[in-house]
There are 2 protein chains.
Amino acid sequence: MNKMKVNLDRKIGASYEIHIGEKILDRMGLILVKNNWAERYIIVTDTHIDALHGERVETALKKTGLRVDRITVPPGEAAKEMRTVLTVVEKLIALGADRSTALIALGGGVIGDLTGFTASIFMRGIPVIQVPTTLLSQVDSSIGGKTGVDTDAGKNLLGTFHQPKEVFIDLSFLQTLPEEQFRSGLAEVIKYGIIEAPDLLDTIEAAAAAGGLRESAFIEKIVTTACWIKKGIVELDERDQGLRRILNFGHTVGHAVEAASAYSLSHGEAVAIGMVAAAIFSEQLHYLPADDRRRIVSVIRAVGLPDRIPGNLDLGEIGSRIARDKKKRGETVHFVLLKRLGVPIVNGGIPEKMIKITLEGLHT
Amino acid sequence: MNKMKVNLDRKIGASYEIHIGEKILDRMGLILVKNNWAERYIIVTDTHIDALHGERVETALKKTGLRVDRITVPPGEAAKEMRTVLTVVEKLIALGADRSTALIALGGGVIGDLTGFTASIFMRGIPVIQVPTTLLSQVDSSIGGKTGVDTDAGKNLLGTFHQPKEVFIDLSFLQTLPEEQFRSGLAEVIKYGIIEAPDLLDTIEAAAAAGGLRESAFIEKIVTTACWIKKGIVELDERDQGLRRILNFGHTVGHAVEAASAYSLSHGEAVAIGMVAAAIFSEQLHYLPADDRRRIVSVIRAVGLPDRIPGNLDLGEIGSRIARDKKKRGETVHFVLLKRLGVPIVNGGIPEKMIKITLEGLHT
């Protein structure tokens, strides 16, 4: 038997810049012109975001001489599936897109994931620029290159790692963001504080006490800090093979609660509840001081996020979803716990009885 | 505006081995056990290959203690589309596949492209092992990581670069390969000879003269040489950004002829005709000596491949497909020509009139 080696070990340049600021659309155009990622750009957005910002973004980019078109898809998580990808691809072809085209994802997490995925498979991959418009996508999904669509068998079951060429975080988009979606994003910001930067919790509590959660200076501070933490973790574990799992703090119970609520709870609300549960597990396993657990609950309450499981949700369903989630990942240890604020640990071995009692205790 | 950089520049280890030999299934199992790419393996093949080889491959792999399952899809190019990917994904989920699963692509180019693509997007990417069963896929598509599916708007319009973890080229599969498919693969082998290794043309002509085109020693020689050439080109240009285009020698006219025949011509037959056309262009543009052009035609004839365009094909359609192909790629220079045997050059500027006259001259 002959053997030969295909030598592809090499350094790849996949680094990219995250730009954060108020009203940065004009500078976005200039930066794209300068970096010349593509000969033309196609904005992918949903009809809801399009009505609010589509025209304005397209016009701002065109002012710098860029060739820009716009494609819309229906809003909401239901659109995050392969049929929508194929529809976007049809529209790309109709516009004459080719390998010298780049996509601009303008929207929240669904648009970011869907557009990133489409870009990663269109003609074996074209560049994508992320322009997140919600707090949640600004501090989480726009950074790190995870893309995906849902199938009947699971969320994000099909996807890729496709890093954006740039991320433009324009904080002025948040002015039109509904209160509930803003709070949903705050839950992820609180998560970063809990796992990595306890100071951030002080900042949030102070702003909440002063009624300043929607003030520009505060928002710029928390988004910048959150992006800094996320990027640091992604740099160490781009492909989600270990460290990146700490970003799932609160998400094991959170996902189960979110699904059990049939998505009537927002992602952030569900994660807030999940973080409280994770704090209780951590305390009961004698990792986390009771004061730290109380601190977590109080920050969550301060911003108006729930710290209890709504009474109408079925605890049995939540429990079995948690068990299924653990089983699906085979041997993978998956619960993220805390040793103290700022010090997460990954631990899969939570006794089922402890889960059950904790969920019961959190049920209103 | 704040700015921060996500630093992902790094060395990645994507090298892999190509194993070539007769009856290497047992050793394939042992190598997979040793390299431990996954906790379990799922073979993806078509019903035609499955009937010929499926059971045998599965049994051979299981003998080494591997956990192995098998999924089949319909045979033929028509199956190379997103619906088939989704069907495979459903079957993977039904089998309980997860991120610790690897796929084994057992079949020709369609299976390799389809399985590679599915592996690249399933749960954001799982390993794929390529086990090509046709001469064409052994010397071409199994190496280099190109994956894809067709859509109504074009072949391989959706796809990824997803390098296999290993390629196992078992030459004994070729014993059951129909004559026409064998010849189709020979066209690509001749292409490698023309663009990179004129000696290979001697080897092929000698074997053809001696009636030994299907003899083991000859096949081992040409497959090994072809893989060596392909791997060398892929190493220098993994993502098809320049050099790799020389592999398209004969393919611009070839694809147009193949499509105009409604795929009644095999890929290899169409490429053979395309290579003759490219040789004529090269000669007329005063690059290629007439002797070299005659040599190319004579090797193609020697193995029983066509060197003329069948009379029932519409030259107008072929011409407009060539023009569209060039236009679709925008500014990209795309015709691969020859300076002499073994020395390809990329040149987009072929006068339309020369294309027309050449096609007419080749029409029977």
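A note on names: the letters A, B, ... follow the listed sequences, proteins ahead of strands, and every chain is numbered from 1.
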Counting C-beta onward and ignoring hydrogens, is there a side-chain heavy-atom pair between A/N156 and B/R124 closer than 4.5 Å? yes
Contacting region of A/K146 [heavy-atom separation from chain B under 4.5 Å]: both
Does CH2 belonging to A/W37 count more than 12 external heavy atoms closer than 6.0 Å? yes
Just checking B/K221: does its NZ atom have more than 12 heavy atoms from other residues, nucleotides or ligands closer to it than 6.0 angstrom? no
After noting the C-alpha distance and the side-chain angles of B/D240 and A/R99, does the key distance pass the side chain to side chain contact (heavy atoms under 4.5 Å, CB included) rule? CA-CA 11 Å; B/D240 201 6; A/R99 281 171 75 173; 3.6 Å; yes
Is A/D152 close to chain B through its backbone or its side chain, or both, or neither, when contacts mean heavy atoms under 4.5 Å? neither
Do you know which of A/L158, A/I169, A/V167 has the most heavy-atom pairs under 4.5 Å to chain B? A/L158
Verify side chain to side chain contact (heavy atoms under 4.5 Å, CB included) between B/M82 and A/I121, making sure each step is shown before the conclusion. CA-CA 12 Å; B/M82 197 58 89; A/I121 65 171; 4.2 Å; yes
Okay, A/T118 and chain B: the region with an atom under 4.5 Å from a heavy atom over there is neither
Checking heavy atoms, do the side chain of B/I93, its backbone, both or neither come under 4.5 Å from chain A? side chain
With a 4.5 angstrom heavy-atom cut-off, which part of B/T160 approaches chain A: side chain, backbone, both or neither? both
Under 4.5 Å heavy-atom distance to chain B, tell me which part of A/T224 shows up: side chain, backbone, both or neither. both
Does any backbone or side-chain atom of A/L86 lie under 4.5 Å from a heavy atom of chain B? Answer side chain, backbone, both or neither. side chain
